[in-house]
Student: 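Sharing a structure, written as structure tokens. Questions coming.
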Amino acid sequence: MTTTRAPATDPQTTLRAGLPDRYLTPEDLIEMFSLPSIETLYAWRKTGVGPPAIRIGKYLRYDPAAVRVWVESNTETAAA
């Protein structure tokens, strides 16, 4: 039995870079960032500090690509 893998140039692989291919829940972000509570995530959203979210009906969801961009833009680099 052989398995077919996506080529390395597959846009989904490049875009997601190991993140799930689905919208993330607030609970997913709490686990990913080891946040103390969901209130922390909601405070980030209220003050505009956290990753951008979208509302789907009554549910809050996060695009994995947007979360990656947010992480990269908030990552400190060492001064040379």
Side-chain angles (χ1 to χ4, degrees):
M1 179 175 172
T2 60
T3 57
T4 305
R5 298 189 126 189
T9 57
D10 177 28
Q12 282 286 30
T13 303
T14 303
L15 177 66
R16 302 296 182 201
L19 289 172
D21 194 23
R22 63 174 174 80
Y23 286 105
L24 302 170
T25 66
E27 291 77 15
D28 291 331
L29 267 63
I30 291 168
E31 183 177 329
M32 287 172 67
F33 299 121
S34 300
L35 299 176
S37 69
I38 199 163
E39 285 79 18
T40 301
L41 189 60
Y42 290 151
W44 285 1
R45 179 170 160 74
K46 185 176 182 179
T47 59
V49 174
I54 59 172
R55 186 160 295 282
I56 302 173
K58 66 178 184 176
Y59 302 102
L60 200 58
R61 295 294 182 259
Y62 297 85
D63 182 350
V67 172
R68 176 170 291 288
V69 168
W70 176 78
V71 167
E72 290 171 356
S73 69
N74 286 290
T75 300
E76 293 183 9
T77 57

Student: Work out which heavy atom in Tyr62 is nearest to a heavy atom in Ala53; give both atom names and the distance.
Tutor: CE2-CB, 3.4 Å
Student: What closest approach, in Å, do Arg55 and Lys58 show between heavy atoms, and which atom pair accounts for it?
Tutor: NH1-O, 3.1 Å
Student: I'd like to check the salt bridge (Lys or Arg N to Asp or Glu O under 4.0 Å) partners of Glu39; sequence neighbours left out, ordered by chain and number.
Tutor: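 Glu39 satisfies salt bridge (Lys or Arg N to Asp or Glu O under 4.0 Å) with no residue once adjacent residues are dropped.
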Student: Going by side chain to side chain contact (heavy atoms under 4.5 Å, CB included), name the residues that satisfy it together with Phe33, two or more places apart in sequence or in a different chain.
Tutor: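 With neighbours one apart ignored, the set is Leu29, Leu35, Val67, Trp70, Val71.
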Student: Is there a chain of hydrophobic side chains (I, L, V, M, F, W, Y, each step under 4.5 Å between heavy atoms) that links Tyr23 to Tyr59?
Tutor: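 No; Tyr59 is not reachable from Tyr23 via cluster members.
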Student: May I ask you to check whether over 12 heavy atoms, not counting those of Glu27, lie within 6.0 Å of atom CD?
Tutor: yes
Student: Do Leu24 and Tyr42 sit in one hydrophobic cluster, given that two such residues count as connected whenever their side-chain heavy atoms are within less than 4.5 Å of each other, even indirectly?
Tutor: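 Yes, one cluster joins them.
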Student: Given Thr25 and Arg61, is the side chain to side chain contact (heavy atoms under 4.5 Å, CB included) satisfied, shown in steps?
Tutor: CA-CA 5 Å; Thr25 66; Arg61 295 294 182 259; 3.7 Å; yes
Student: Treat each ILVMFWY residue as a node, draw an edge where side-chain heavy atoms are under 4.5 Å apart, and state whether Ile38 and Met32 are in one component.
Tutor: yes
